[in-house]
Amino acid sequence: MANILKIRAHHLLCIQGFQGYGYSKDFVKNMTEVIKNIDSNPEVEIIAECDIICSCCPHNVGGVCQKELNSAQKVKDMDIQVLRKLNLKDGTRGRAKDFLLLVNTKLKNSLDVQDICGKCEWRKKCLWFISRGKPDDN
Ligand code: SF4
Ligand code: SF4
């Protein structure tokens with residue numbers, strides 16, 4: 001059986017806001033490919049650890065996010081928040097587009113996502129975050 005595509009939960013949000021910015025050329029190229037793949041609506045597994053997007057990120061050191069001090073825990077907390085809000089368990093499998101629809105049904109405004117995206121450096125460039133309402137300017 002082919003390896004299932006694993007997506008960390010908060011990346012279900014990020015992939016919808018991507019417009020070509022990222023941490024490195026490789027990161028952007030890989031993210032673009034992942035999004036293209038997601039467009040074909042594959043089966044995916046939603047996880048709370050490094051995923052296919054992290055695999056080309058310069059902050060991924062040995063499968064652990066080390067962007068900043070405590071990043072591994074911070075991003076995991078974002079994933080857990082998303083799982084909780086979507087009422088999903090870590091490791092749930094399903095069609096990519098069903099998860100994206102669930103995200104967009106449950107997380108509709110800036111209050112819904114404040115505790116997930118609140119400190120993300122990409123907020124002002126993220127089309128998905130912007131579409132949830134006016135981002136706070138700080
Ligand atoms: S604001 Fe950041 S964490 Fe939130 S969806 Fe956009 S890129 Fe992801
Ligand atoms: S910053 Fe961390 S969570 Fe985000 S893509 Fe890179 S390794 Fe993954």
Side-chain angles (χ1 to χ4, degrees):
M1 197 172 92
N3 280 344
I4 192 163
L5 190 65
K6 295 188 180 185
I7 302 287
R8 67 183 313 159
H10 85 269
H11 282 164
L12 289 171
L13 288 52
C14 312
I15 57 181
Q16 299 188 75
F18 180 70
Q19 51 171 344
Y21 299 101
Y23 300 113
S24 68
K25 237 167 115 175
D26 273 359
F27 177 91
V28 169
K29 184 167 173 273
N30 178 57
M31 182 85 159
T32 305
E33 278 165 16
V34 171
I35 290 171
K36 212 165 136 195
N37 192 357
I38 294 274
D39 269 349
S40 67
N41 199 19
E43 190 180 21
V44 297
E45 181 175 325
I46 307 305
I47 58 172
E49 58 195 40
C50 276
D51 68 355
I52 184 82
I53 292 169
C54 302
S55 72
C56 286
C57 179
H59 301 300
N60 175 356
V61 183
V64 178
C65 180
Q66 299 201 3
K67 184 166 177 286
E68 296 161 4
L69 200 65
N70 295 331
S71 271
Q73 191 58 51
K74 281 186 202 159
V75 287
K76 197 178 179 75
D77 288 347
M78 289 162 78
D79 296 326
I80 290 168
Q81 288 278 11
V82 172
L83 288 169
R84 193 153 54 206
K85 285 171 191 265
L86 301 185
N87 205 14
L88 295 175
K89 288 198 174 84
D90 189 353
T92 302
R93 293 181 173 197
R95 290 284 156 193
K97 288 193 177 170
D98 291 336
F99 289 123
L100 298 180
L101 185 64
L102 189 64
V103 163
N104 294 334
T105 306
K106 298 248 181 183
L107 308 176
K108 282 189 179 297
N109 59 51
S110 57
L111 276 180
D112 293 333
V113 299
Q114 192 58 35
D115 47 353
I116 303 163
C117 304
K119 295 198 173 79
C120 175
E121 69 183 277
W122 300 107
R123 281 177 307 163
K124 288 178 186 164
K125 289 193 165 75
C126 173
L127 295 176
W128 187 86
F129 182 79
I130 292 166
S131 74
R132 302 297 104 174
K134 195 177 180 311
D136 50 351
D137 289 316
N138 56 30

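For ligands, and for the atoms within them, numbers begin at 1 and follow the listed sequence. The model shown is predicted, which means the values in this text are computed figures rather than measured ones.
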Should H11 be listed as contacting ligand 1, given a heavy-atom distance under 4.0 Å as the test? no

Could you tell me the residue and atom name of the protein heavy atom closest to atom 4 (Fe) of ligand 1, and the distance to it rounded to 0.1 Å? C117 SG, 2.4 Å

Find all atoms of ligand 2 within a distance of less than 4.0 Å from any non-hydrogen atom belonging to R8, and give their numbers and elements. 3 (S)

Closer than 4.0 Å to some heavy atom of R123 - which atoms of ligand 1 meet that? 1 (S)

Test of understanding: given a 4.0 Å heavy-atom threshold, classify the contact between C57 and ligand 2 as side chain, backbone, both, or neither. side chain

In this structure, which one of D115, I116, N109 forms a side chain to side chain contact (heavy atoms under 4.5 Å, CB included) with D112? N109

Using a strict cut-off of 4.0 Å, indicate which atoms of ligand 2 neighbour a heavy atom of K67. 1 (S)

Which of the numbered atoms in ligand 1 are below 4.0 angstrom from a heavy atom of L13? 5 (S)

Which residue and atom name correspond to the protein heavy atom nearest atom 8 (Fe) of ligand 2, and how close is it? C54 SG, 2.4 Å

Any salt bridge linking K119 with E68? Criterion: basic side-chain nitrogen under 4.0 Å from a carboxylate oxygen. no

Kindly check if the number of other-residue, nucleotide or ligand heavy atoms within 6.0 Å of CG (L127) is above 12? yes

Run the numbers for me: atoms of ligand 2, each under 4.0 Å from some heavy atom of Y23, listed by number. 1 (S)

Are side-chain heavy atoms of L102 and L12 found at a separation under 4.5 Å? no

Measure from the side-chain N and O atoms of K76 to the backbone N and O of A48, and report whether any donor-acceptor pair falls under 3.5 Å. yes

Find all atoms of ligand 2 within a distance of less than 4.0 Å from any non-hydrogen atom belonging to F27, and give their numbers and elements. 5 (S)

Do me a favour and list the nearest non-hydrogen protein atom to atom 2 (Fe) of ligand 1 with residue, atom name and distance? C120 SG, 2.4 Å

Whether over 12 other heavy atoms sit under 6.0 Å from K29 NZ: no

Who's the nearest protein heavy-atom neighbour of atom 6 (Fe) of ligand 1, and how far? C126 SG, 2.4 Å

Can you check whether I4's main-chain N or O pairs, donor with acceptor, with E43's side chain at less than 3.5 Å? no

Quick check for you: to the nearest 0.5 Å, what is the distance between L69 atom CG and K74 atom NZ? 7.0 Å

Indicate, as side chain, backbone, both or neither, the part of C14 found under 4.0 angstrom from ligand 1 when only non-hydrogen atoms are considered. both

Looking only at the side chains, is there a donor atom on one of Q73 and D77 sitting less than 3.5 Å from an acceptor on the other? yes

Between OG on residue S71 and CG on residue N60, distance to nearest 0.5 Å: 11.5 Å

For C65, take its heavy atoms, then give the atoms of ligand 2 lying under 4.0 Å from any of them. 1 (S), 2 (Fe), 3 (S), 7 (S)

Is M78 touching ligand 1 with its side chain, its backbone, both, or neither, if touching means heavy atoms under 4.0 Å apart? side chain

